[in-house]
Protein chains: 2
Amino acid sequence: MNEMKPLTRIQRKNREAILGAALEVFSQYGFRGSTLDQIAQAAGLSKPNLLYYFPSKDAIHAQLLESLLKTWLDPLYKMDPDGEPLDEIMGYVQRKLEMSRDYPRESRLFANEILQGAPRIHDALTGELKTLVDEKAAVIADWSKAGKIAPVDPYHLIFSIWALTQHYADFDVQVRAVLDADDPFPAAGTYIDTLFTRLLSV
Amino acid sequence: MNEMKPLTRIQRKNREAILGAALEVFSQYGFRGSTLDQIAQAAGLSKPNLLYYFPSKDAIHAQLLESLLKTWLDPLYKMDPDGEPLDEIMGYVQRKLEMSRDYPRESRLFANEILQGAPRIHDALTGELKTLVDEKAAVIADWSKAGKIAPVDPYHLIFSIWALTQHYADFDVQVRAVLDADDPFPAAGTYIDTLFTRLLSV
DNA sequence: GCTATGTTTTACCAAATGGTCAGAAATACG
DNA sequence: CGTATTTCTGACCATTTGGTAAAACATAGC
């Protein structure tokens with residue numbers, strides 16, 4: 001069962017084009033605000049042809065979310081309980097900011113899903129995500145108690161890292177409207193680094 | 001011209017019901033993802049009756065955004081250049097957090113609009129918003145230079161205040177999934193206060 | 001070349017969507 | 001009360017939407 005033929009060259013190319021187009025559209029308009037026609041056009045395919053590769057609109061969206069979740073938690077997984085506390089946290093901050101810079105559409109896809117009440121990933125939030133955060137929060141709490149970093153609420157520390165880094169991807173339009181910079185990320189990186197260094201230094 | 005009759009009691013009641021329902025729906029699904037039927041049902045009215053009070057879906061949305069922008073910038077306007085620097089900034093932080101706690105739907109409506117590229121409020125962003133931020137950033141820069149607060153990039157300071165406070169409204173579902181708390185705001189307030197105090201103290 | 005398989009298009013469908021309109025029902029007011 | 005105005009409904013419409021079916025077209029392998 002679940003026997004699968006290898007994908008042809010055309011299948012690989014078109015599946016990728018569809019997922020790329022869908023990411024572009026879904027990340028901007030959310031699931032309900034996006035249409036198959038939009039996605040098909042962005043992918044350079046006809047709508048029926050698009051539905052030859054994916055069985056439904058839901059299936060495309062689900063596929064995107066699944067791939068997203070895998071990479072989304074990775075930076076936090078990499079935080080090493082046995083490393084140097086401040087370095088580990090600052091390394092996490094930097095990896096998170098890099099993700100916002102390099103994958104802004106993924107960030108917005110996630111933001112859209114959460115804004116809509118996370119109907120499709122709520123289980124992942126209370127399951128995999130919560131488990132991971134609980135684990136890493138415990139590590140951070142230990143670091144705090146041991147005096148390696150300043151005493152902070154570890155959960156809200158993690159939330160603040162998410163908020164700050166993702167803000168530059170999700171609210172990109174606003175940031176660019178206020179600044180005139182083409183690329184706000186260099187200055188953002190410096191600022192965020194200072195902020196957490198000052199917060200956590202003992 | 002533009003002569004307007006006073007609103008009847010029924011008009012006031014129904015207009016308010018519609019705007020409340022529309023805020024609920026638009027803030028969750030965004031403009032394109034929301035339907036008039038949804039809004040009408042949430043308001044307890046029929047769709048044609050809804051369109052008796054507002055000429056179109058766009059008009060309802062536009063009305064919401066207009067009201068929103070007025071109150072949205074208010075906390076920053078109130079930051080007094082002649083006040084005590086640290087108090088003024090921390091007061092702004094607190095007002096902003098109160099807005100997220102008391103008006104989470106407004107926060108999500110705004111987030112949705114920005115995520116979609118701010119098609120309807122882009123002018124307000126580069127106009128009114130930018131002007132205000134430029135002005136207050138200059139004030140903060142002066143405070144920095146005068147040694148009243150630690151040296152920081154004033155623009156990114158403002159962005160970080162937005163990011164942190166709005167995060168608790170916009171990503172409410174995620175925050176609640178990770179914590180088990182009914183109301184994450186008390187702890188968030190304490191944390192955010194500590195964070196900015198440590199960042200800005202000289 | 002021929003056939004089997006993979007890919008794409010054309011034509012179509014039922015449901016949902018934003019919106020209109022004529023008239024019915026309710027309300028205000030003299 | 002009666003009439004003028006406001007409020008509401010049901011029936012309707014054109015367009016868009018997610019999705020299907022069948023046949024045309026392309027390609028791979030022999």
Side-chain angles (χ1 to χ4, degrees), chain A residues 2-65 109 112-113 116 119-120, chain B residues 2-65 109 112-113 116 119-120:
Chain A
N2 207 351
E3 184 164 344
M4 43 179 64
K5 299 181 178 178
L7 298 181
T8 71
R9 174 175 27 108
I10 295 178
Q11 276 169 342
R12 255 197 307 276
K13 190 193 62 166
N14 281 345
R15 277 204 155 84
E16 205 164 315
I18 291 169
L19 288 174
L23 176 59
E24 189 72 31
V25 176
F26 281 138
S27 67
Q28 217 181 357
Y29 299 107
F31 179 75
R32 298 196 22 175
S34 304
T35 73
L36 287 179
D37 284 300
Q38 270 181 296
I39 296 170
Q41 195 179 352
L45 297 172
S46 68
K47 187 172 58 172
N49 198 14
L50 191 157
L51 287 163
Y52 169 72
Y53 289 100
F54 289 89
S56 67
K57 184 183 175 185
D58 279 87
I60 304 174
H61 193 247
Q63 171 73 50
L64 281 177
L65 281 184
L109 181 72
N112 251 309
E113 176 68 12
Q116 295 182 17
R120 295 152 211 278
Chain B
N2 207 353
E3 186 163 343
M4 45 179 63
K5 300 181 180 178
L7 298 180
T8 70
R9 173 176 30 107
I10 296 178
Q11 276 169 344
R12 255 198 306 278
K13 191 192 64 169
N14 282 344
R15 276 202 155 84
E16 205 164 316
I18 291 169
L19 288 174
L23 177 58
E24 189 73 31
V25 175
F26 281 138
S27 67
Q28 213 178 7
Y29 300 106
F31 180 75
R32 298 196 22 175
S34 304
T35 73
L36 286 179
D37 284 300
Q38 271 181 295
I39 297 170
Q41 196 180 351
L45 298 172
S46 69
K47 188 171 57 169
N49 198 13
L50 191 157
L51 287 163
Y52 169 72
Y53 289 101
F54 289 89
S56 67
K57 184 184 175 185
D58 279 88
I60 303 174
H61 194 246
Q63 172 74 50
L64 280 178
L65 282 184
L109 180 74
N112 252 310
E113 176 67 11
Q116 295 182 17
R120 294 152 212 277

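The structure displayed is predicted, hence computed values, not measured ones. Below, all heavy atoms of this structure are taken into account, side chains as well, without hydrogens, waters or symmetry copies.
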Inset, instruction - Answer whether the closest heavy-atom distance between the side chains of A/Asp58 and A/Phe31 falls below 4.5 Å. - result: yes

Inset, instruction - Tell me whether the OP1 or OP2 atom of C/dA28 has a side-chain N or O from B/Arg9 closer than 4.0 Å. - result: yes

Inset, instruction - Using whole Å, report how far CD1 of B/Ile18 lies from P of C/dG18. - result: 14 Å

Inset, instruction - Could you check how far CD1 of A/Ile39 sits from C1' of D/dT16, rounded to whole Å? - result: 15 Å

Legend entry - B/Lys13 NZ to D/dT6 P, straight-line distance once rounded to whole Å: 17 Å

Inset, instruction - Answer yes or no: does atom CD of B/Gln41 have more than 12 heavy-atom neighbours from other residues, nucleotides or ligands under 6.0 Å? - result: no

Legend entry - Residue closer to the 5' end of DNA chain C, B/Phe31 versus B/Ile10 (nearest nucleotide): B/Phe31

Legend entry - Minimum heavy-atom distance between B/Ser27 and B/Asn112, given as atom pair plus value: O-ND2, 3.0 Å

Legend entry - Verdict with supporting geometry, B/Phe54 and B/Asn14, side chain to side chain contact (heavy atoms under 4.5 Å, CB included): CA-CA 10 Å; B/Phe54 289 89; B/Asn14 282 344; over 6 Å; no

Inset, instruction - Could you check which residues of residues 46-64 of chain A get a heavy atom under 4.0 Å from DNA chain D? Sort them by number, please. - result: A/Lys47, A/Pro48, A/Leu51, A/Ser56, A/Lys57

Legend entry - A/Phe26 and A/Ile60, any side-chain heavy atoms less than 4.5 Å apart: yes

Inset, instruction - Please report, rounded to the nearest Å, how far the C1' atom of D/dT7 is from the CZ atom of B/Arg12. - result: 16 Å

Inset, instruction - Flag the pair B/Tyr29 / B/Thr35 as yes when at least one side-chain heavy-atom distance between them is below 4.5 Å, and no otherwise. - result: no

Legend entry - Side-chain heavy atoms of B/Gln28 within contact of B/Gln38, under 4.5 Å: no

Inset, instruction - Measure the distance from CG on A/Leu36 to P on C/dT17 and round it to the nearest whole Å. - result: 15 Å

Inset, instruction - Calculate the interatomic distance between B/Asn14 atom CG and D/dT6 atom C1'; express it in whole Å. - result: 12 Å

Inset, instruction - Using whole Å, report how far CZ of B/Arg15 lies from P of D/dC8. - result: 12 Å

Legend entry - Gap between atoms CD and P, on A/Gln38 and D/dT16 respectively (whole Å): 13 Å

Inset, instruction - Report yes if a side-chain nitrogen or oxygen of B/Gln11 is closer than 4.0 Å to either non-bridging phosphate oxygen (OP1 or OP2) of D/dT6; otherwise report no. - result: no

